[in-house]
Structure formats: structure tokens, C-alpha cells
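What follows is a set of notes on a single structure, which appears directly below.
First listed ligand is number 1; within each ligand, the first listed atom is number 1.
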Amino acid sequence: MDINSSKWYPAIYTRRSRRSYRPDPIDPKLLNKMIKFCEHFRPFTNTRAVLILQQVDKAFRGIIGPSGAPAFIAFVGNVSDKHIQEKIGYMGEAIVLEATSLGLSTCWVGGFLRRNIIEEFVDADSREEVFGLTPIGYAKERTSVKESIMTGFGWTHRRRPLSKLVTGIAEEGWHEWTRSVLEAARLAPSATNRQPWKFHIGMDSITISTNETGHDFNLSKRLDCGIAMLHLEVAALNQGVHGIWELLETPEVARFTIDGM
Ligand SMILES: Cc1cc2nc3c(=O)[nH]c(=O)nc-3n(C[C@H](O)[C@H](O)[C@H](O)COP(=O)(O)O)c2cc1C
């Protein structure tokens with residue numbers, strides 16, 4: 001199953017984390033599409049996604065986090081894979097953008113997971129762990145007070161400007177598509193909106209890097225960078241630019257090189 005850039009590129013701009021859901025069941029046609037998508041979208045080895053028809057509230061502890069959705073999708077990976085974090089970010093965000101394009105709401109959740117309960121639902125084997133999840137369903141039309149407080153009244157949707165994120169070749173030397181690709185990567189969601197990425201522009205490549213220090217809620221920044229990788233590639237494909245990923249060692253995460261260079 002391939003990246004559907006014409007559907008997912010607009011979804012990059014419309015997606016927002018939503019945390020208050022109506023309990024309404026998901027339209028069976030959409031539900032079926034999402035179940036199939038989760039089963040078949042496997043861009044990397046050692047990762048999988050499972051849609052679980054249980055209220056999302058059962059999947060984590062505490063009151064911080066999304067509530068009310070009738071289902072959630074768990075992102076599962078093999079812990080012995082040294083690139084598992086970025087692979088999970090990339091796969092999970094494809095699922096988030098597919099759901100967004102179908103009119104469903106989502107929110108990455110990484111903290112306070114009830115891992116034992118979720119791992120039973122997904123029938124995890126001894127090498128697998130749940131790295132995150134998203135509720136799936138219909139967000140309440142009006143943002144609740146709790147949700148407004150949790151998003152800092154919209155603050156968490158703000159992003160740093162590209163000028164603070166980019167190194168390497170100066171803008172005069174960029175391809176005509178480079179700016180839109182970086183813009184899409186910059187809009188990626190990240191845990192606590194920490195935006196831990198840097199983009200190094202080469203002649204025909206973009207390298208994403210991060211420092212792995214200062215984890216929030218014990219969540220790897222490489223996972224956030226995996227989400228940015230997916231946004232970057234969707235935007236590139238939307239401009240007709242194909243590339244290949246090479247996964248790298250910290251502080252680098254991955255390099256996207258235009259195919260055929
Ligand atoms: C890996 C990851 C983990 C996250 N964990 C949580 C969480 O535990 N609880 C929560 O309410 N939001 C969580 N979020 C959502 C972020 O807070 C949100 O994506 C960020 O503030 C940007 O806002 P936006 O998604 O509306 O653009 C997480 C996001 C990511 C990418």
C-alpha cells in the first residue's frame with residue numbers, strides 16, 4: 001500500500017489533535033477502510049498498527065489525554081529494532097493522515113499508556129511493545145474547556161519558523177519544491193509540541209536530525225522525527241519528487257535523497 005499524496009497532503013494542513021470525542025460509532029464503511037488500511041500499510045519491517053473497538057479511555061491512566069472515542073489504533077513495534085522509533089512515527093502518521101482525509105479525528109498519545117491492557121488487545125509477542133496510539137472517531141464540534149486548557153488555547157498548534165530549523169545550502173540554491181516540503185515537515189505533530197527536528201539541506205538530499213536528550217514522558221524524539229519524515233515525503237510526492245530514505249544513527253535520524261541522483 002503506497003503513500004496517497006493527493007489525499008494526505010491537504011490532510012497535513014487540516015489535521016489537529018482532538019481530545020474530546022462523541023461516543024457515536026464510526027460509519028461502518030469508514031471503519032472498514034481504516035481496519036484494512038491498518039492491516040496493509042507496512043512501510044517498514046517490525047511495525048504494525050491495530051484498530052481496537054474499545055473506548056480509548058481504557059487505554060491510559062489519568063485525566064490528561066483524549067476521552068470518549070469509541071475506538072483507538074495502537075502502534076506496535078519490535079523493541080530490538082534500533083530504528084523502531086522513527087519507523088513507528090512514520091507508520092503512525094500515515095494512519096493519522098488517512099483518518100483525517102476520511103473526516104475522522106485523531107490525537108497521538110504516548111504518555112501514561114496502560115501498556116499491559118493494550119498489549120493484550122493487540123496480542124503482542126514477547127519482542128513487541130506499544131509505542132503510542134491514537135483515538136479515532138468524531139471529535140465534538142465545539143472544543144471543550146478541558147481541551148482548550150490542554151492545547152494552551154491553541155498555543156500547542158504553533159510551530160517554529162523554518163529559519164530556526166534549517167542548515168546547509170542557503171535558500172537561493174534550493175530546488176523549487178524544497179520550501180513546500182520543509183513547510184510540511186515543520187507542521188508535524190510532536191510530543192508536547194517540542195518540535196525536536198533540524199533539517200540539513202544538501203544538493204539533492206534533506207537530512208533530519210535531533211538530539212535525544214531531555215525526553216518528555218520518556219518519549220523518544222526520534223519518533224517525532226519519524227512523523228516529520230512522513231510529512232516531508234508526502235509533500236515531495238505531491239510535487240512529483242520521489243526519494244529514498246536511509247535511516248541513520250543519532251543525532252541524525254534519516255536522509256531523504258532524490259531517487260536516481
Ligand atoms: C509522539 C506523540 C505523543 C503525544 N502524546 C500525547 C499525550 O500523551 N497526550 C496528549 O494529550 N497529547 C499528546 N500528543 C499530542 C501533542 O501534544 C500535539 O501533537 C502537539 O501539541 C501539536 O498539536 P497539534 O497536533 O494540534 O498540531 C502527542 C503527540 C505525539 C507526536
**Complete:** Within 4.0 Å of some non-hydrogen atom of S190, the atoms of ligand 1 are 16 (C), 18 (C), 19 (O), 20 (C), 29 (C), 30 (C), 31 (C)
**Request:** Answer yes if the ring centres of W8 and F37 are under 6.0 angstrom apart, and no otherwise.
**Result:** yes
**Item:** Protein contact to atom 5 (N) of ligand 1 [nearest heavy atom, distance to 0.1 Å]
**Value:** G110 N, 3.1 Å
**Message:** Show me which atoms of ligand 1 lie under 4.0 Å from any heavy atom of L223.
**Reply:** 1 (C)
**Item:** Trace of the side-chain hydrogen bond (donor to acceptor under 3.5 Å, both in side chains) decision for T250 with R222
**Value:** CA-CA 9 Å; T250 303; R222 294 183 72 96; 2.6 Å; yes
**Request:** Go through ligand 1 atom by atom and flag the ones less than 4.0 Å from a non-hydrogen atom of D224.
**Result:** 1 (C), 31 (C)
**Message:** Applying side-chain contact (heavy atoms from CB on, under 4.5 Å) to V122 and E128, what does each step give before you reach the verdict?
**Reply:** CA-CA 10 Å; V122 302; E128 286 182 316; 5.8 Å; no
**Fill in**
For G111, the ligand 1 atoms with a heavy-atom partner under 4.0 Å come out as 8 (O)
**Complete:** Ranked by distance from atom 23 (O) of ligand 1, the top protein heavy atom is T156 O, 3.2 Å
**Asked** Under the ring-ring contact (aromatic ring centres under 6.0 Å, His included) rule, what pairs show up with a residue in residues 110-129, not counting sequence neighbours?
**Response** F112-F217
**Message:** Are any of the N/O atoms on L219, whether in the backbone or the side chain, positioned under 3.5 angstrom from an N/O atom of ligand 1?
**Reply:** no
**Message:** Students should be able to answer this: which protein heavy-atom is nearest to atom 4 (C) of ligand 1, and at what distance?
**Reply:** W108 O, 3.4 Å
**Item:** Donor-acceptor side-chain pairing of E246 and T257 below 3.5 angstrom
**Value:** no
**Message:** Show the atoms of ligand 1 that are less than 4.0 angstrom away from any heavy atom in P189.
**Reply:** 19 (O), 25 (O), 31 (C)
**Asked** Is the gap between the ring centers of F44 and Y90 under 6.0 Å?
**Response** yes
**Prompt:** Is there any N or O on S17 that sits under 3.5 Å from an N or O of ligand 1?
**Reply:** yes
**Message:** Counting only nitrogen or oxygen atoms and a 3.5 angstrom limit, does R159 reach ligand 1?
**Reply:** yes
**Request:** Identify, by atom number and element, the atoms of ligand 1 in contact range of I227, meaning under 4.0 Å from any of its heavy atoms.
**Result:** 31 (C)
**Prompt:** Can T207 and R255 be said to form a side-chain hydrogen bond (donor to acceptor under 3.5 Å, both in side chains), step by step?
**Reply:** CA-CA 4 Å; T207 305; R255 180 172 301 117; 2.9 Å; yes
**Request:** Over 60° means perpendicular and under 30° means parallel, so classify the ring planes of Y13 and Y9, tilted if in between.
**Result:** perpendicular
**Prompt:** Please state which protein non-hydrogen atom is closest to atom 12 (N) of ligand 1 and give its distance, to 0.1 Å?
**Reply:** R19 NH2, 3.1 Å
In residues 72-84, what donor-acceptor pairs under 3.5 Å come from side-chain atoms, sequence neighbours left out?
unit_1: N78; atom_1: OD1; unit_2: S80; atom_2: N; d: 2.9
unit_1: N78; atom_1: OD1; unit_2: S80; atom_2: OG; d: 2.7
unit_1: D81; atom_1: OD1; unit_2: H83; atom_2: N; d: 2.8
unit_1: D81; atom_1: OD2; unit_2: N46; atom_2: ND2; d: 2.8
unit_1: D81; atom_1: OD2; unit_2: K87; atom_2: NZ; d: 2.6
unit_1: K82; atom_1: NZ; unit_2: E249; atom_2: OE2; d: 3.0
unit_1: H83; atom_1: ND1; unit_2: E86; atom_2: OE2; d: 2.6

